[in-house]
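Everything below concerns the one structure shown next.
Source: prediction; values computed, not measured. These numbers come from the heavy atoms of this one structure, side chains and all, not from hydrogens, waters or symmetry mates.
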Amino acid sequence: MLINTRSKEFAIESILLAVSALAVVILILISIFLFREGAALFKDIPFLDFLTGKNWHPTSVPPVFGLLPLLLGTLLVTAGAIVIAVPLGIASAVFISEIAPPNVAEILKPIVEILAGVPSVVYGFFGLVVLIPRLQQLLDLPTGQTALAGSIMLGIMALPTIISISEDAISSVPDFLKEGSLALGATRWQTIYRVTVPAALSGISAAVMLGMGRAIGETMTVMMVTGNAAVIPGFPGGIFAPVKTMTATIALEMGEVPQGSEHYHALFAIGAVLFVITLLINLIAEAVKRKYRFKVGS
Amino acid sequence: MFSPKVSEKIAFAFLTVAILIVVGFVLTILSYIVTNGIGAISIDFLIQGPKNRMTEGGIFPAIVGTVFLIIGSMAVALPFGILAAIYLNEYAEEGRIVWIIQMAISNLAGTPSVVFGLFGLAMFVKYMGFGASILAASLTLALVVLPVIIRASEEAMATVPSGLREASLALGVTRWQTVRKIVLPIALPGMVTGAILSVGRVAGETAPILLTGAAYFLPRLPDSVSDQFMALPYHLFVLATSGTNIATTRPIQYGTALVLLMIVLGVNFVAVMIRRHYKNKMRW
Amino acid sequence: MVTDIFVEDIETEITTNDLNLWYGEKQALKNISIDIPKNSITAFIGPSGCGKSTFLRCFNRMNDLIKTCRIEGEVLVEGENVYESGVDVVELRKRIGMVFQKPNPFPMSIYENIAYGPRIHGEKNKGKLTTLVEETLRAAALWDEVSDRLNSPALDLSGGQQQRLCIARTLAVKPEIILLDEPCSALDPISTSKIEDLLMDLKKDYTIIIVTHNMQQAARVSDHTAYFLMGKLIEFGETRQIFEMPRQKSTEDYITGRFG
Amino acid sequence: MVTDIFVEDIETEITTNDLNLWYGEKQALKNISIDIPKNSITAFIGPSGCGKSTFLRCFNRMNDLIKTCRIEGEVLVEGENVYESGVDVVELRKRIGMVFQKPNPFPMSIYENIAYGPRIHGEKNKGKLTTLVEETLRAAALWDEVSDRLNSPALDLSGGQQQRLCIARTLAVKPEIILLDEPCSALDPISTSKIEDLLMDLKKDYTIIIVTHNMQQAARVSDHTAYFLMGKLIEFGETRQIFEMPRQKSTEDYITGRFG
Amino acid sequence: MARVKYQRELDSLKQKVVTMGEASQKAILDAVESLRDLNVELAEKTIQNDPLIDSYEANIERYATRLLALQQPLASDLRLITSSIKIALDLERMSDLAVDIAKIVDKIEGGHVKPLINIPMMGEIAENMVKNAIKAFVTSDVELAKTTAAEDDRVDKLFYSTWRELIGMMVEDHTIINNASHLLFVLRYLERIGDHATNICESVVYIVTAERVELN
Amino acid sequence: MARVKYQRELDSLKQKVVTMGEASQKAILDAVESLRDLNVELAEKTIQNDPLIDSYEANIERYATRLLALQQPLASDLRLITSSIKIALDLERMSDLAVDIAKIVDKIEGGHVKPLINIPMMGEIAENMVKNAIKAFVTSDVELAKTTAAEDDRVDKLFYSTWRELIGMMVEDHTIINNASHLLFVLRYLERIGDHATNICESVVYIVTAERVELN
Ligand SMILES: Nc1ncnc2c1ncn2[C@@H]1O[C@H](COP(=O)(O)OP(=O)(O)OP(=O)(O)O)[C@@H](O)[C@H]1O
Ligand SMILES: Nc1ncnc2c1ncn2[C@@H]1O[C@H](COP(=O)(O)OP(=O)(O)OP(=O)(O)O)[C@@H](O)[C@H]1O
Ligand SMILES: [Mg+2]
Ligand SMILES: [Mg+2]
Ligand SMILES: O=P([O-])([O-])[O-]
């Protein structure tokens with residue numbers, strides 16, 4: 001009985017540890033498969049050429065696999081999304097947690113959660129049928145399928161991430177800090193921007209990083225609204241022109257490539273780059289969270 | 001510049017505008033999908049397969065495919081996710097190993113779904129030889145939602161006050177008994193909520209299944225787990241971007257979008273209701 | 001209510017007349033009339049939930065933050081009704097400082113914590129700020145302990161030091177009145193006695209009101225004591241009298257620990 | 001360390017010999033040797049961080065939960081070294097009940113809270129459980145207050161009642177020793193005095209060890225008092241002697257509030 | 001109702017004072033009686049009983065100190081406790097004085113010159129004062145305390161008149177000088193007992209009203 | 001170092017006792033001197049000074065009670081405070097006795113039959129006892145307290161011998177009966193002063209060792 005209980009406890013703990021370690025295993029497997037399939041490309045094409053190549057012509061003869069247009073396309077769309085989502089998101093988070101009366105906040109929160117729930121194809125579909133024609137008309141463009149359309153849609157999609165994580169961070173700033181400021185004769189706004197928001201800054205930064213991660217990794221929506229033209233976007237004109245992102249390239253072209261072909265491996269190489277980028281963003285977000293974690297009330 | 005009071009008024013006005021824009025987005029998207037989609041929906045639309053090169057008929061196989069994906073992926077992700085969460089929250093000590101596991105989980109959470117798709121393609125479809133199939137797609141989606149489930153379960157367990165665990169242990173109760181009798185019952189509503197939310201995620205994901213087994217057109221139900229399948233989100237994508245007659249099938253597209261949206265939001269709504277119900281009941 | 005300080009020569013700082021307060025349906029304060037004297041320490045005592053904090057927070061209108069809270073009656077600070085429309089709440093809170101139960105320094109440096117208030121109220125001159133920081137830290141009997149690390153985080157201080165920092169922070173906006181809501185309940189006896197000494201020191205320049213659960217503390221530091229029970233002011237008088245010879249049976253029962 | 005209870009006729013329940021404990025690099029207990037007498041109340045006093053809780057948690061090995069914690073020396077409970085390999089920690093914790101600072105009833109009914117321990121340890125007979133629940137609630141002086149609502153949630157009870165429930169829950173697994181870590185620090189004076197009465201009642205059947213910051217409480221309830229300072233046991237003796245005439249200057253300084 | 005144990009302890013302190021009061025009263029009564037009747041045995045008994053009364057005093061002091069240490073008394077509770085120490089001191093002094101009186105029985109040579117009348121009367125008044133003082137203490141009766149203290153005037157008057165009478169007798173008949181001088185002291189002792197009873201009355205007023213008044 | 005204010009308050013309590021002790025000492029000295037020299041003026045002064053000493057006692061009691069109420073003293077601090085009340089009582093009684101002695105100056109008819117020798121000697125010893133008792137109190141010196149209390153034997157011896165002497169003189173010369181009977185009381189008063197000094201010494205031992213001992 002004695003030994004029994006103890007060995008049972010030990011067995012349970014070991015199993016649980018093994019299951020948890022699965023997360024690490026999966027991550028390693030992902031890296032292995034991506035890098036292995038991707039690396040096959042570099043038997044023929046130097047890695048640097050791939051990275052700095054200005055052209056993506058996978059079907060021309062001979063094919064040209066230059067990542068740069070796709071990478072810049074992704075960055076442009078993402079940057080646009082961040083420019084839209086960050087101010088709107090943080091402002092909304094502040095509004096919900098600090099200004100709205102409790103019952104209004106209780107209505108606003110599920111509304112924001114709806115944004116998070118809408119599947120990306122639906123966003124893409126909406127962008128395709130509603131946003132794009134209007135953009136084209138409004139800005140008098142040859143096509144509405146532009147980086148701008150992608151940025152707008154991704155911006156909207158990144159909003160719930162940014163809002164809910166920021167809102168969490170802001171409302172977890174203890175009331176007694178806010179009261180301390182108000183009791184000194186500070187206005188609510190002074191309290192918000194001098195005490196509450198700085199105290200929540202780590203959480204807000206993490207929210208921005210994660211929102212950015214979501215935008216970079218998003219596939220279906222950008223695929224449906226950005227026009228998918230693999231050209232290096234100019235600036236600022238490129239904003240109003242079609243672009244092709246890394247994710248869209250993978251999703252679009254994978255269906256048509258023969259397995260084991262150079263093109264196939266090139267798509268995996270894109271996947272690997274994407275994976276590394278999001279990995280870095282996540283690590284930075286974690287570090288930010290850790291570094292600025294403030295200790296209130298010991 | 002401005003007096004504190006005036007600055008406050010201006011700032012609050014800006015914040016109000018921001019939230020109105022956000023709410024505007026939501027309402028616009030919903031209203032477009034609902035008003036345009038509601039007309040397309042009928043019983044036939046829901047229980048019939050697509051006809052006439054997908055320009056007519058219903059979406060039944062896609063609904064069934066999505067349901068299969070949900071069942072398949074949850075059957076894998078749920079037990080693994082909950083067990084991992086139990087370990088991380090109840091057993092793990094601060095340390096290198098746990099830190100590595102935690103980092104792995106948050107990186108998995110941040111990995112783009114299309115990358116999961118690539119992995120599923122390379123690992124399940126090719127390497128393990130499942131082919132493009134429900135099995136491969138379900139496993140891939142299971143990986144996508146695994147971190148979501150782990151995080152939600154961990155969070156739910158973290159709300160159980162540590163005093164209760166200590167109290168139980170101090171009564172001469174083993175750790176596993178304490179987890180089962182005290183922690184899990186209290187954390188259950190939170191864990192259920194997390195699971196339901198990930199169901200929504202599975203229903204809406206497109207990129208991973210695109211690479212691992214979703215069929216462009218398959219007007220019958222899949223025979224086995226190694227069959228290809230249709231799924232709502234991919235079906236919508238196909239209709240909207242590469243269908244035979246994109247312009248005339250708009251109503252079908254709207255209808256499909258609405259059904260998909262209703263499934264996802266409906267599931268989320270249930271989760272929110274459960275959460276709300278238990279939040280009111282729990283208090284320490 | 002029994003009171004004995006309607007004495008001519010004591011100047012009144014805060015007066016309430018027939019103050020009633022509700023949280024939603026629940027009445028938390030009932031018909032409270034009191035005259036709180038200037039430049040002295042007044043203690044509020046009473047069992048938990050009797051309304052001490054609620055009453056205290058009427059003076060600087062911190063109750064405004066609670067949506068369900070409704071008030072009738074007058075609160076006069078130096079003769080002015082603070083609940084009149086047109087009263088500037090921000091200005092009022094500058095005049096009436098408040099220190100809370102749990103020390104709540106901002107997550108900034110010691111210096112920044114104290115400079116916070118004056119900056120908010122428009123002080124930009126660096127030199128003046130620095131002088132003010134030193135002055136208030138000295139007044140709060142903290143200068144000697146922190147003068148060499150003004151730029152280190154306030155949260156690194158001990159609980160007792162944090163509480164004195166909060167008092168210094170309050171002093172920095174030059175209030176006339178200081179409200180303290182159980183300022184020592186989270187502190188050890190030694191920090192407590194430092195804060196008590198500090199309050200007795202400050203009372204020559206400020207009107208101080210302190211809520212406390214510690215009978216001995218009320219008796220040690222205060223000049224006048226008000227005893228509350230279930231939202232009512234039961235007795236108010238000189239501290240010595242309250243603790244030696246309360247007029248109300250209920251007061252005696254409470255201070256001798258027979259109930260509460 | 002000065003001790004005076006090496007008297008023949010006092011039976012010893014717990015003995016430690018040269019106990020040392022580290023949290024990582026930091027030594028939290030230093031060479032502690034003590035004989036804690038049976039069927040009596042022993043109080044642990046000392047300034048915050050002196051190691052009282054740490055020492056208390058050595059007896060039922062609750063420190064095992066902390067990975068960085070390392071122990072040298074012996075802890076004998078009824079002559080058996082609890083840190084020997086092969087000791088069943090679960091069994092040990094059944095014998096040594098523990099009550100915490102904050103009342104922590106499980107979010108179940110009153111009945112279920114008490115039945116929890118016995119059930120886990122194999123008691124399935126409904127009748128026996130019901131008898132046990134009544135018995136322990138009576139022993140914890142709570143029966144009269146809750147007998148008519150055994151099935152209502154334990155969290156609906158007041159803080160003082162919750163703490164007595166936690167004591168009852170501990171009694172239900174029939175321990176020999178009860179450890180209490182500042183059991184009254186979250187309670188009001190009245191609940192506190194109820195718990196104190198209860199402890200004095202229980203000591204005929206149990207060996208009780210209580211950590212407290214309240215000198216008066218230690219003096220009121222305990223038979224023996226141990227004074228700790230910076231991880232060392234400074235003085236141990238009869239409570240009356242410790243509070244009337246401590247042998248160590250440091251003890252006197254602490255109990256008279258000269259430091260700590 | 002809270003702090004039941006504390007309540008009980010306060011009551012028990014009061015009870016101790018009452019018990020001691022009764023013992024002191026008896027000592028006074030017995031001492032005076034033994035002197036009147038020159039009853040050596042009763043005198044001896046009174047003397048032997050004194051250590052017990054002393055132990056009462058020590059016990060009350062210890063108990064009161066314990067209460068002060070453990071219960072943080074305030075207001076009238078605090079006054080009750082500190083005053084109990086003082087009252088016990090007064091009672092202890094009274095029985096010492098009773099012992100002093102009893103000790104004189106042995107020193108009277110022959111019999112009394114004339115039957116003692118004033119001294120027993122003083123004794124009775126003093127004993128009555130003690131009884132009423134303790135009663136006032138138990139019932140917190142300020143009025144009773146005041147009227148009791150007023151009795152001290154009668155004791156003082158008897159003291160002076162008897163004193164003069166005794167001095168006169170000594171001058172007339174110097175064979176009685178030894179006995180009479182002893183009786184002079186007895187007068188003084190009884191007068192002191194009256195003073196101590198008055199002290200108790202003052203303590204009662206202090207406990208109830210928080211004010212120290214002079215009652216003589 | 002903590003609770004500085006409390007420390008200061010304890011010191012201040014001690015200081016109050018010292019001040020009162022000095023005043024009582026002086027009262028004893030003056031009373032005995034006024035009696036020896038039949039110095040009516042000095043006697044008057046001593047009597048007039050008594051209310052001041054009484055107020056000292058009241059003050060010490062009030063202060064000590066305040067400390068008990070506010071500072072929750074324990075161990076030796078607590079004993080110091082309760083004992084201060086008792087010591088003040090002893091000192092107050094001493095100066096009352098000094099007043100009693102001073103009051104006799106007026107009652108002596110004519111001059112002393114013979115110069116007073118023993119009485120001033122007893123006075124000196126008693127006064128010295130008070131001085132040393134207070135010194136022992138301030139310095140927590142148990143040894144000094146014990147040797148001081150031992151002095152009481154000398155006072156007692158002088159009391160008995162002088163008593164016998166006086167009785168003898170009264171028998172021989174009954175014109176001095178009035179004066180001598182007054183002196184008998186003085187003897188008694190001085191003996192009581194010695195007793196009170198002994199009480200103080202006992203209190204000192206109690207404060208330091210927590211034990212009540214009988215020192216006579
Ligand atoms: N925001 C609130 N909403 C509703 N009721 C409240 C609120 N704040 C306080 N109350 C109620 O008002 C009454 C008075 O509360 P208050 O906090 O003023 O008591 P208190 O005397 O300060 O008690 P304590 O000593 O426990 O701090 C209590 O019954 C409390 O439950
Ligand atoms: N888990 C831990 N890891 C590292 N150090 C710890 C841990 N727990 C306690 N300590 C340290 O060990 C010392 C003793 O702590 P312990 O909690 O036993 O003190 P205590 O006497 O109970 O204090 P208190 O009265 O504040 O409860 C302290 O210095 C504390 O900081
Ligand atoms: Mg309060
Ligand atoms: Mg502890
Ligand atoms: O104690 P006394 O002799 O002064 O009454």
Exercise. To the nearest 0.5 Å, tell me how far E/L89 CG sits from F/D90 CG.
Key: 7.5 Å

Quiz item: Given side chains that start at C-beta, do those of E/E61 and F/K86 come closer than 4.5 Å, heavy atoms only?
Solution: yes

Exercise. Apply side chain to side chain contact (heavy atoms under 4.5 Å, CB included) to the pair E/R188 and F/R188, showing each step before the final yes or no.
Key: CA-CA 10 Å; E/R188 180 67 185 156; F/R188 181 64 185 158; 5.7 Å; no

Quiz item: Nearest 0.5 Å, what's the CG-CG distance between F/L74 and E/L70?
Solution: 8.0 Å

Self-check item: Minimum heavy-atom distance between F/I177 and E/M170, given as atom pair plus value
Solution: CD1-O, 3.3 Å

Practice problem: Identify which part of E/D173 has an atom lying under 4.5 Å from any heavy atom of chain F, answering side chain, backbone, both or neither. | Solution: neither

Self-check item: Chi angles and distances behind the side chain to side chain contact (heavy atoms under 4.5 Å, CB included) call for E/I85, F/I85
Solution: CA-CA 9 Å; E/I85 299 179; F/I85 298 179; over 6 Å; no

Quiz item: For the residue pair F/F185 and E/F185, does the interplanar ring angle fall in the parallel (under 30°), tilted (30 to 60°) or perpendicular (over 60°) class?
Solution: parallel

Quiz item: Has F/R36 got more than 12 heavy atoms of other residues, nucleotides or ligands less than 6.0 Å from its CZ?
Solution: yes

Exercise. Mark yes when over 12 heavy atoms from residues, nucleotides or ligands other than E/K16 sit less than 6.0 Å from its NZ; otherwise mark no.
Key: yes

Self-check item: Option that, when pairs with chain F are counted at under 4.5 Å, heavy atom only, ranks first among E/D77, E/D54, E/V171
Solution: E/V171

Quiz item: Relative to chain E, which segment of F/A69 carries a heavy atom at a distance below 4.5 Å: side chain, backbone, both, or neither?
Solution: both

Quiz item: Checking E/L184 against chain F: side chain, backbone, both or neither under 4.5 Å from a heavy atom?
Solution: both

Quiz item: Contact part of F/E172 toward chain E, heavy-atom cut-off under 4.5 Å: side chain, backbone, both or neither?
Solution: neither

Quiz item: Are more than 12 heavy atoms from other residues, nucleotides or ligands located less than 6.0 Å from atom NZ of F/K107?
Solution: yes

Quiz item: In terms of heavy-atom proximity below 4.5 Å to chain E, should F/T82 be classed as side chain, backbone, both, or neither?
Solution: side chain

Quiz prompt | chain E contact via F/D195 - which portion, at a heavy-atom distance below 4.5 Å | solution = neither

Quiz item: Near E/K14 NZ, under 6.0 Å, is it more than 12 heavy atoms from other residues, nucleotides or ligands?
Solution: yes

Practice problem: Check whether any side-chain heavy atom of E/R212 lies under 4.5 Å from a side-chain heavy atom of F/R62, and answer yes or no. | Solution: no

